[in-house]
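The structure appears below as structure tokens.
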Amino acid sequence: MTKNLFHPLAQRTLIAGAVLAMTAGFAQAQSSVTLYGRIDVGVQYSDKTAGSNDSLVEVANAGIRPSIWGLRGSEDLGGGLGAFFNLEAHFAGDTGAATGPAAGRSGSGGFRRQANVGVKGPWGQVTLGRQYSPAILANIGTEPRAFKENLSGLYPYALNQNPGSNTVNDIGLFIGNSVSYSNTFGPVYLGALVAAGEGTGRTYTLGASWTGPITLSASYQEIERAPDQDGTKHGMVGAAVPFGPVTVKASYQKSEEKIANVKISDVNFFGVGVDFAWNPTNTLNATYYYGKDKIRRAGNLEDKTSTLVLSNDYAISKRTTLYVQGAYADAKGAPSLRTGVIVNGAHPDAKTSMVGVGVSHNF
């Protein structure tokens, strides 16, 4: 007997089948969204602060890693292809306030760190929007303190790449209006980025690393101050060599900045350090940094700083780390974070010390 397709029972059957077919199609292209973040807060003591002989005790945000929150999502498109997005913002763990870049810079009050979308496949990954510079991603494994938020080579990296009129770039770390390509070829990571300045100057970045018995890294980043105008140029190389529980790391940063073809900074910054995993949950780090700006400040003052940093991270779980760290800096002339690593600043022509303890929790 031929079934009447206009019979109510037959219509319900067809509709149910169509719904099931649609559901199956959605299941094959499932997407996921993850909320993640970190809160890092500690107590910190400094015997001096920049411009003052007074000591300071503070509840400090981001002792070893930034306090952040974000959303990331991905979708399997089939055939080895995928789509993804990232949204990531800063906040102050000690006060709860939202934090952003300096006034006038893009990302203020919103997703300062990341706001991007992209596609990936066996051929690599293409990302569009605000994103991490491939330069810092390439060098994080060889920087002696892995670019920790405090007391590391992060500050010279950032403060030497901050041309004031380029509001798309954010201290060389987070680049807006950008398109990047990255891929991993066996032990080799390669990343390249171009940012359309859109009236404030372009950014060009290359970063690469090789991870084998040792790790090697290199990067170059150029940030225009304004369209086709001078700005900053930054290069970095590094190496990490493991010896059982001990890993020796060394890095070198070279930064230059020009305005109207006049060089206003020319910084060399070195770091050498040792990670010692003295038990499965504790890692001790000892690092020495030295930075010098060849261009003297007003009054013919030097900007030169030597810093010794000691720290221990105790991973009490996969998500939570207790840490203690301290630094001793010897500064000459008018020191700045172009050559130093203490967030409160080394005291001019003096010796400065600080110590801090805290907890960092990932969620």
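N285 is listed as a side-chain neighbour of R145, based on a closest heavy-atom distance under 4.5 Å. M354 is not listed as a side-chain neighbour of L56, based on a closest heavy-atom distance of 4.5 Å or more.
In the hydrophobic cluster analysis, where Ile, Leu, Val, Met, Phe, Trp and Tyr join through side-chain heavy atoms closer than 4.5 angstrom, W278 is grouped together with F243. L173 is not connected to L151 by any chain of hydrophobic side-chain contacts under 4.5 Å among Ile, Leu, Val, Met, Phe, Trp and Tyr, and they are in different clusters. Linking Ile, Leu, Val, Met, Phe, Trp and Tyr residues whenever their side-chain heavy atoms come within less than 4.5 Å leaves I175 and L137 in two separate clusters. I342 and Y288 fall into different hydrophobic clusters, defined by Ile, Leu, Val, Met, Phe, Trp and Tyr side-chain heavy atoms under 4.5 Å apart, directly or through other members. Using a 4.5 Å cut-off between side-chain heavy atoms of Ile, Leu, Val, Met, Phe, Trp and Tyr, with links allowed through other members, F185 and W123 fall into the same hydrophobic cluster.
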Report task. Start with the C-alpha distance between Q253 and N139, add both sets of side-chain angles, then the distance that settles side-chain hydrogen bond (donor to acceptor under 3.5 Å, both in side chains), and finish with yes or no. Result -> CA-CA 11 Å; Q253 300 184 45; N139 290 293; over 6 Å; no

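The heavy-atom pair separating G42 from Y323 by the smallest distance is N-OH, 4.0 Å. Nearest heavy-atom pair across P66 and E149 is CD-OE1, 3.5 Å.
Remark: D313 engages K148 in a salt bridge, criterion side-chain N to carboxylate O under 4.0 Å. Between K263 and E257, none of the side-chain N atoms (NZ, or NE/NH1/NH2) sits under 4.0 Å from a carboxylate O, so this pair counts as no salt bridge. Taking a cutoff of 4.0 Å between a charged side-chain nitrogen and a carboxylate oxygen, D266 and K254 qualify as a salt bridge. Under 4.0 Å is where a charged nitrogen must lie from a carboxylate oxygen, and between E256 and K233 no such pair does. By the 4.0 Å N-to-carboxylate-O rule, R338 lies too far from D303 to be salt-bridged with it.
Atoms CZ and CG, on F84 and N86 in that order, are 6.5 Å from each other to the nearest 0.5 Å.
By the 30° and 60° cut-offs, the orientation of the rings of F174 relative to H90 is perpendicular.
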